[in-house]
Each structure stands twice: as C-alpha cells, then as structure tokens.
Peer 1: 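Submitted below is the structure of interest, expressed as structure tokens.
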Amino acid sequence: MDEDCATPKRRECQIPEMLLCPPPPKKKAVGETQRDPPKNGYFQPPDLDALFALPPRTQASLLFSFFIAASWMPEFAAGKTRHYTFNIEYHNVTRLCNTRSILSVNGKFPGPRLVAREGDQVLIKVINHVSNNITIHWHGIRQLQTGWADGPAYITQCPIQTGQAYTYNFTITGQRGTLLWHAHISWLRSTIHGPIIILPKRNESYPFVKPYKEVPIILGEWFNVDPEAVISQALQTGAGPNVSDAYTINGLPGPLYNCSSRDVFKLKVKPGKTYLLRLINAALNDELFFSIANHSLTVVEADAVYTKPFETDILLIAPGQTTNILLKTKPTSPNATFLILARPYFTGGGTLDNTTTAGILEYKHPNTTHHTSIKALPLFRPSLPPINATKFVNVTQFVENLAKKFRSLATKQFPANVPQTVDRRFFFTLGLGTSPCPQNSTCQGPNGLKFAASVNNFSFALPSTAMLQAHFSGQSSGVYTTDFPTKPLVAFNYTGTPPNITNVSNATRAVVLPFNTSVELVLQDTSILGAESHPLHLHGYNFFIVGRGFGNYDPTKDPANFNLVDPAERNTAGIPAGGWIAIRFFADNPGVWFMHCHLDIHTSWGLRMAWIVQDGPQPNQKLPPPPSDLPKC
C-alpha cells in the first residue's frame with residue numbers, strides 16, 4: 001500500500017496524489033520508480049509502474065487527466081528520465097513443499113517490472129547485498145552508444161561484487177513492446193529476472209486494437225536445489241546437468257504438480273474484452289509451447305518489434321524471446337474455466353523436465369461470488385504437441401511452419417530496414433562436442449570426456465577482465481584475439497553422419513567489423529552428438545531472419561528464396577534442429593557484443609562468441625568513455 005493512501009483497497013489514490021497535489025517529501029519504497037522532481041512545484045509525470053497495476057478504467061481516466069494537464073507543458077513532450085533501484089538480496093521462497101533461499105531483486109520473484117516509454121532514459125542502480133558476484137542484462141535493448149550498460153559478465157563489464165553498486169544508464173531508442181531483464185553471470189538468471197515494458201511515445205498508439213488490459217506472463221523454471229550447485233556439478237563431472245523440478249507461470253508451478261494446488265497463476269477476465277498478454281520465456285534451458293484452452297491468440301509483436309498479426313492456438317517461445325499476443329475473450333461468460341499450459345519442446349538427447357505448468361483463465365461471472373462455485377465449473381484443457389520432437393517429425397514441421405508466420409509489419413511508420421546488399425558474409429556452425437577429462441579424473445560425458453559446445457568448433461573461454469574495457473583502452477593483448485574464423489576450418493556434412501572426432505578448441509576469439517558494415521550470417525546446426533535447436537541471442541542488435549531451412553545450407557540455391565521485404569526482426573532466434581537460418585544486420589552500434597545460445601547449459605559449455613564493432617566517423621557513432629562507477633575485476 002502507498003503510505004499516503006488512506007486504506008489498502010484505495011490503490012487509485014496513488015496516481016491522483018501524484019498528479020493533482022504537490023507530494024510531500026517521503027522515503028521511497030526500495031525498488032520503486034523514482035520520479036523526476038516537479039519542474040513547476042505542482043505536476044509530475046505519472047509513475048508508469050504504479051499506473052500499470054491499476055484497473056483499466058482508472059488507468060484511462062488518470063491518463064486523460066494527465067494529458068490534458070500536460071498538453072500545455074512543453075517539458076513533457078520529450079522522453080523522461082526514469083530511476084529504479086534494484087537490491088540483489090536473499091529471499092526465502094517455498095514451491096512444491098520445498099523452501100530454499102533464492103537470489104532476487106527487491107524481494108520479488110519474478111522481479112519488479114521496469115516500465116518506460118520509447119525515448120525515455122532509464123537509470124537502474126543495482127546494489128549487491130549477496131555473496132555472489134552479479135551483473136544484469138537488459139535483454140533486447142539496443143544500447144546505442146551505451147555498451148557499458150549491456151551487462152554480460154566479462155564481456156562489457158566486470159561483475160558487481162558484494163557490497164558494491166553500479167548504475168546502468170541507457171536510453172530506449174526506436175523500440176516499443178516487451179523485453180526482459182535478467183542476471184547475466186553463471187545461472188543466476190533462474191530467479192533474477194523480470195519484464196521490461198516499453199510503452200509507445202506519448203500521443204502514439206499501438207498499430208492494433210487498444211487492449212482493455214495488459215498482463216505480463218513470465219514462463220520460468222523452478223529448481224528445488226540451488227541452480228548454481230547444478231551447473232557447478234555439471235561442469236565438474238562433464239555430464240549433462242540435473243533438470244528443473246517444475247516450470248512456472250509468473251513464478252507459480254500450478255495445480256498439475258504435487259503440493260502446488262495453491263501456487264496457481266489465475267488470469268481473471270471479463271467477457272467481450274481484448275487483453276494484451278506480454279509473454280516472456282525466462283526459463284534457463286527449455287523452449288516452451290504455450291496455449292490457452294478454447295481460445296485463439298493473435299500475435300502482434302515479437303522481441304519488441306511489431307509483426308503482421310496472425311492467429312494461432314499454440315505458440316512456441318524460446319528462452320530470451322518475448323511475444324505480445326491479443327486474447328479476445330468470449331462475448332458472454334461461459335460456464336467453464338480454462339487451463340493455460342506451457343511445456344517443453346525438446347529436440348536433443350539426454351534428460352529433460354517433461355512436466356507441464358498450468359495457470360487458469362477465469363471469467364468473472366456476475367452471479368458467481370464464492371470460490372466453491374468457480375471450482376464446480378468444468379475445466380477445459382488445451383492440446384499441446386508431444387514433447388519429444390525427435391520421435392515426432394510433425395512437431396518439428398509444426399514449429400517450422402509457426403516460425404515462418406512471423407513477419408515484420410514493414411509499414412512507413414514501422415519499416416523493415418533489411419540490408420539489401422552485403423559487405424561481409426559469415427558461415428557459423430553450432431553444436432555440441434567434447435573437451436578432455438583432466439588427468440587423474442573421471443568424467444561422465446560422452447566416451448568418458450566432458451560435454452562442450454562451440455561455434456565453428458571454438459568453445460569460447462570467458463576472459464578474466466571485461467573485453468569492452470580491453471577494447472576501449474587498446475589493451476587487448478592477453479585478453480582476446482580477433483581471429484575468429486569466418487567459416488568452419490574443416491568442412492563436413494554438417495547434418496549427416498557426424499565425424500568421429502568431437503573435440504573442440506578453447507579460445508577467446510572475436511570478429512572485428514568496421515562501423516555500419518552490412519552483415520549476412522548463416523547459422524548452421526550440426527549433428528555432432530545429436531542435432532538440436534539452438535535459440536541464438538545477439539546482444540546490442542536486432543537482426544532480420546531472411547532465410548531458413550532444414551539440412552545443409554546451400555549458398556548457390558538458398559539465397560534465391562531469401563525474404564528481403566518483410567522478414568521477422570528479432571534479437572533471439574531458434575536455429576532448427578538439423579537446419580539453418582540466415583540473418584542480416586547493419587553493424588551500426590560500436591562496442592563489444594556477445595552472441596550465444598540462450599540455453600544456459602550450452603552457453604556454459606562454450607556456445608558463444610563476440611563481435612567487436614569499431615567506431616564510426618561521427619561523434620554519435622563512437623563509444624563514449626566508461627562511467628566512473630564501472631565495476632573493476
């Protein structure tokens with residue numbers, strides 16, 4: 001409850017108090033958005049995070065009042081500066097009758113919403129109160145000239161150590177929609193994550209029907225043990241990691257698990273309304289199918305880029321991906337409730353968490369007031385594809401058909417600026433492999449070795465200092481080299497019978513690109529130790545998926561089918577198991593940019609590399625010096 005409100009139920013007093021009267025000085029709650037000081041002693045911009053939580057009618061009323069008041073105040077025309085404080089702290093959470101201490105932001109799991117508008121400057125002070133080192137990545141934010149705020153440990157910064165703080169400072173440029181923030185060191189993002197909600201600029205609207213209400217839905221994984229112990233054991237033994245104990249919707253496993261009947265996410269809706277669901281996959285190691293029983297979903301945005309709308313009953317969302325979907329409720333309240341389900345899409349070998357998380361879509365019934373009446377209603381369940389795609393070819397084809405439905409809006413207002421010509425071409429193979437078992441040790445990976453993963457057969461070794469600092473200071477010697485191969489050193493039948501040799505090389509190698517280079521990159525899955533889907537994430541950029549297919553990429557035939565008009569624009573894309581994708585982008589953002597598989601086990605095994613984009617000639621094309629509070633290693 002806001003401390004200025006008279007009663008806990010009157011949440012609407014939060015915004016009128018802010019809009020219509022000079023707020024008295026008060027201590028802000030930890031992690032609450034810090035508003036700009038009033039410029040005329042009377043009005044302030046609305047607290048978007050608080051506003052977002054209010055009932056839709058109250059939201060509309062207050063925004064109308066604010067815009068009328070602000071229309072004659074020129075200072076509200078530009079983007080605002082929004083301040084957040086993220087305290088990294090211990091937090092006891094009970095799920096599946098198991099209580100453990102997790103790491104969280106401001107005692108919340110999932111973490112707090114970061115809400116801003118396109119064009120806003122955002123400053124987030126992260127204070128580390130735990131024994132683990134920490135960094136935060138603002139997944140999908142372009143970070144134009146703010147590479148120091150990107151967040152991957154030992155790539156753009158050294159970690160924030162115990163008792164230290166760092167302020168991430170960036171401006172949201174040319175983006176609107178849903179993204180996510182998460183820890184970017186080891187597996188800490190399992191519990192340190194939350195939504196980024198980017199609203200359109202003031203006086204701009206969505207290119208689709210205005211929703212009645214907006215609801216973030218975060219898919220995740222729950223471990224009964226500390227995930228840091230899981231990955232530590234896996235790296236030590238060389239074996240695959242132990243899997244999670246449950247999937248979650250907004251941190252709750254749902255009623256299909258033992259001892260979880262009360263930990264259920266409920267989406268309560270009114271009939272005849274349109275809801276915008278901001279869907280985020282924050283799971284560590286699993287692509288997830290998502291569906292709501294007896295309801296169709298309309299996709300309108302992916303990775304904070306508007307798409308051509310299309311309807312589907314089932315979505316697939318990979319770790320790191322976000323999708324905005326419109327849910328149109330039934331015209332009258334049905335005498336039923338409906339399950340919301342998510343479960344994995346599995347293309348690899350080994351073990352997996354083959355369980356299903358469930359929430360409940362519940363209509364508000366005018367004549368139903370008691371919980372027992374709701375429980376008496378019939379409950380419908382959606383049909384999801386089989387989990388194991390290796391046994392059901394039609395599942396892989398369904399996923400491919402779904403991926404091809406994503407197209408950029410490609411309008412005058414929201415263009416698709418696809419590179420039509422290419423300056424540099426790259427061909428990267430992605431896949432698993434092995435590394436040697438240390439002497440006098442017993443390893444549990446393939447053939448007594450250790451599991452590894454690589455790009456062009458190089459498993460990326462994290463340096464002990466930040467690459468961006470080494471690059472900026474011109475002191476890269478001993479930190480990294482710039483000879484990452486543009487194609488595999490040895491060509492083979494990538495998706496056919498795999499070679500007998502599975503060993504990978506370990507190195508810290510990068511690719512250097514001149515500013516504004518137009519890049520085409522083909523990402524090819526391999527069958528070494530089994531073909532597998534890889535959701536690949538590129539930091540600092542969006543890219544266009546101009547082509548995709550199964551088998552080996554054919555450089556003479558496949559480019560003829562490339563879509564250079566309205567391809568999907570994303571920051572994270574799934575490379576099909578036993579297939580390839582081709583992406584294009586302009587290297588218009590100077591800095592050092594991580595690219596890696598967003599299945600965390602593959603990242604831990606080395607399926608990662610870095611791009612170094614040089615400064616351009618103009619002042620707004622250069623990386624500024626590092627901030628004074630940048631953490632030291």
Peer 1: I'd like to check the salt bridge (Lys or Arg N to Asp or Glu O under 4.0 Å) partners of D566; sequence neighbours left out, ordered by chain and number.
Peer 2: K308, R407
Peer 1: Could you pull out the closest heavy-atom pair between E301 and G177, with the gap in Å?
Peer 2: OE1-CA, 3.3 Å
Peer 1: Centre-to-centre under 6.0 Å for F426 and W611, is that the case here?
Peer 2: yes
Peer 1: What residues, two or more places apart in sequence or in another chain, satisfy salt bridge (Lys or Arg N to Asp or Glu O under 4.0 Å) together with R548?
Peer 2: E400
Peer 1: Taking only residues two or more places apart in sequence, or in another chain, which ones meet T356 in a side chain to side chain donor-acceptor pair (under 3.5 Å)?
Peer 2: none
Peer 1: Mind telling me whether Y553 and W580 have parallel, tilted or perpendicular rings, with 30° and 60° as the class edges?
Peer 2: perpendicular
Peer 1: Which residue, H182, Q143, H537, forms the side chain to side chain donor-acceptor pair (under 3.5 Å) with H137?
Peer 2: H537
Peer 1: For Q444, give me all partners under side chain to side chain donor-acceptor pair (under 3.5 Å), at least two apart in sequence or on another chain.
Peer 2: none
Peer 1: Please find out if less than 6.0 Å separates the ring center of H596 from that of H539.
Peer 2: yes
Peer 1: Mind checking the CD1-OG spacing from I231 to S190? Nearest 0.5 Å is all I need.
Peer 2: 11.5 Å
Peer 1: Could you tell me whether the side chains of Y257 and T355 share a donor-acceptor contact shorter than 3.5 Å?
Peer 2: yes
Peer 1: Restricting to side chain to side chain donor-acceptor pair (under 3.5 Å), what partner residues turn up for Q321, sequence neighbours left out?
Peer 2: none
Peer 1: Taking the six-membered ring for Trp, are F586 and Y541 ring centroids under 6.0 Å apart?
Peer 2: no
Peer 1: Is there a side-chain contact between L538 and L521, using heavy atoms and a 4.5 Å cut-off?
Peer 2: no
Peer 1: Can you find a heavy atom in the side chain of L402 that is under 4.5 Å from one in the side chain of F310?
Peer 2: yes
Peer 1: For S291 and P382, which heavy atoms make the closest approach, and how far apart are they?
Peer 2: OG-CB, 3.5 Å
Peer 1: Rounded to the nearest 0.5 Å, how far apart are OG of S604 and CG of N285?
Peer 2: 8.0 Å
Peer 1: Applying side chain to side chain contact (heavy atoms under 4.5 Å, CB included), name anything that partners F484, two or more places apart in sequence or on another chain.
Peer 2: F428, V455, N456, F458, R509, V511, M609
Peer 1: Just one of T429, I575, T347, N552 clears the side chain to side chain contact (heavy atoms under 4.5 Å, CB included) bar with D525, so which one?
Peer 2: I575
